[in-house]
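Chain naming here is simple, since letters A, B, ... match the order of the sequence lines and numbering starts at 1 in each. All values reported here derive from a predicted model rather than from experimental measurement.
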There are 2 protein chains.
Amino acid sequence: MNGRGEPAVESDGQRLRRATELLGKKWHPVLIRTLLAEGALGFNELKRHIDGISDKVLSEALEELQDAGLVVRDVVEDKPVRVNYSLTPAGEALEPVIEGLVTWSREHLSETD
Amino acid sequence: MNGRGEPAVESDGQRLRRATELLGKKWHPVLIRTLLAEGALGFNELKRHIDGISDKVLSEALEELQDAGLVVRDVVEDKPVRVNYSLTPAGEALEPVIEGLVTWSREHLSETD
DNA sequence: CAGTATCCAAATAGATACTG
DNA sequence: CAGTATCTATTTGGATACTG
């Protein structure tokens with residue numbers, strides 16, 4: 001099936017691009033790493049962990065991570081409402097990849113750029 | 001030493017950011033992956049492997065990868081001159097990380113975005 | 001507490017044409 | 001073959017103020 005030369009399934013190259021595009025966003029890696037280390041956190045809690053991020057940018061980043069299926073948003077109906085953010089299994093599965101990046105960076109990226 | 005709270009060495013967070021910033025550039029991962037698979041390649045050769053990249057963008061990307069210490073440029077004095085690009089050990093050390101990303105993407109990133 | 005709305009600046013990428 | 005020069009478009013990130 002599929003008459004012309006178009007690949008029937010997504011290529012590794014495309015997959016790699018989508019993964020690096022996602023992790024290349026300025027705040028995504030540190031957000032994921034924080035949730036890996038701390039478990040579920042509320043919006044402002046997360047914000048305090050990150051340092052330097054604005055409400056708007058945090059809000060956008062969390063939306064993107066939800067859309068990608070890495071983070072779940074859980075609304076706890078209290079007064080005032082509380083919203084918890086935590087990783088999905090897909091998000092948790094990034095742990096070895098992220099640690100690989102940290103290790104690679106430590107061993108091969110000069111500190112003086 | 002170092003009186004105030006500034007970290008004496010770069011934190012893992014900063015390292016992670018520098019690594020993902022580098023790999024988050026649109027063409028860097030596929031460039032690295034191509035050089036991993038093919039070894040040394042000339043400018044136009046590399047360009048043919050990539051598909052869709054312009055001279056300018058390829059040229060800039062290669063410069064950035066050299067500056068980061070992942071790629072070496074080797075000028076062969078022929079007529080016409082030939083310039084080979086290949087990976088440094090630091091570049092080659094990315095192989096498992098990149099394969100980890102591909103695998104993670106295949107297993108956890110939905111194809112329908 | 002958990003966000004939105006605006007407006008703005010900078011970084012990134014691409015098209016196209018030209019050079020030694 | 002191996003690039004550089006321009007100009008433009010798009011994407012991303014940030015400051016600030018406001019809302020339920």
Please name the residue in the list B:E95, B:E99, B:H49 that meets the side-chain hydrogen bond (donor to acceptor under 3.5 Å, both in side chains) test with B:R33.
-> B:E99
Does B:D55 or A:G52 map to a spot on DNA chain D nearer the 5' end, using the closest nucleotide for each?
-> B:D55
Under 4.0 Å between a side-chain N or O of B:W27 and OP1 or OP2 of C:dT12?
-> no
Taken to the nearest whole Å, CG/A:D74 to P/C:dG3 is 12 Å
Given Watson-Crick or G-U pairs with both distances under 3.5 Å, what dot-bracket string fits DNA chain D, with | for other-strand pairs and [ ] for crossing?
-> ||||||||||||||||||||
Is the distance from OP1 or OP2 of C:dT4 to the nearest side-chain N or O of A:S59 less than 4.0 Å?
-> yes
When rounded to whole Å, the CG to P distance for the pair B:L58 and C:dA13 reads 13 Å
Over how many whole Å does the gap from A:E21 atom CD to D:dT12 atom P extend?
-> 7 Å
B:V30 to A:L16 - nearest heavy-atom pair and separation | N-CD2, 4.5 Å
With the threshold set at 4.0 Å, does a side-chain nitrogen-carboxylate oxygen contact exist between A:R17 and A:E10?
-> no
Can you tell me if the side-chain N/O atoms of B:Y85 get under 4.0 Å from OP1 or OP2 in D:dC1?
-> no
Which heavy-atom pair separates A:L65 from A:H28 by the least distance, and what is that distance?
-> CD2-ND1, 3.6 Å
Is there a side-chain polar atom (N or O) of B:K25 under 4.0 Å from OP1 or OP2 of C:dA13?
-> no
Calculate the interatomic distance between A:E45 atom CD and C:dG3 atom P; express it in whole Å.
-> 13 Å
Among C:dA13, D:dG13, D:dC1, the nucleotide that comes nearest once only the side chain of B:P80 is considered = D:dC1
Taking C:dA13, D:dC1, D:dG13 as options, the one with an atom nearest any side-chain atom of B:N44 is D:dC1
Would you call A:D12-B:R106 a salt bridge at under 4.0 Å N-O?
-> yes
Is any side-chain nitrogen or oxygen of B:R73 closer than 4.0 Å to OP1 or OP2 of D:dG3?
-> yes
Between B:E92 and B:P96, which heavy-atom pair has the shortest distance, and what is it?
-> O-CD, 4.4 Å
Figure out the NZ/C1' separation between A:K47 and D:dA15, and round it to whole Å.
-> 12 Å
What is the minimum heavy-atom distance between B:P29 and A:T20, and which atoms define it?
-> CG-OG1, 3.6 Å
Passes side-chain contact (heavy atoms from CB on, under 4.5 Å), B:L22 versus B:R18? Steps please.
-> CA-CA 6 Å; B:L22 200 58; B:R18 296 206 297 131; over 6 Å; no
DNA chain D: 5'-proximal contact among B:V83 and A:V81 (nearest heavy atom) = B:V83
Taken to the nearest whole Å, CG/A:L62 to C1'/D:dT12 is 16 Å
Position toward the 5' end of DNA chain C (nearest nucleotide), B:S54 or B:E64 = B:E64
May I ask you to verify if any side-chain N or O of A:K56 is less than 4.0 angstrom from the OP1 or OP2 atom of C:dC7?
-> no
When rounded to whole Å, the CD to P distance for the pair B:E60 and D:dT4 reads 9 Å
Could you state the atom-to-atom distance from CZ of B:F43 to P of D:dG3 in whole Å?
-> 6 Å
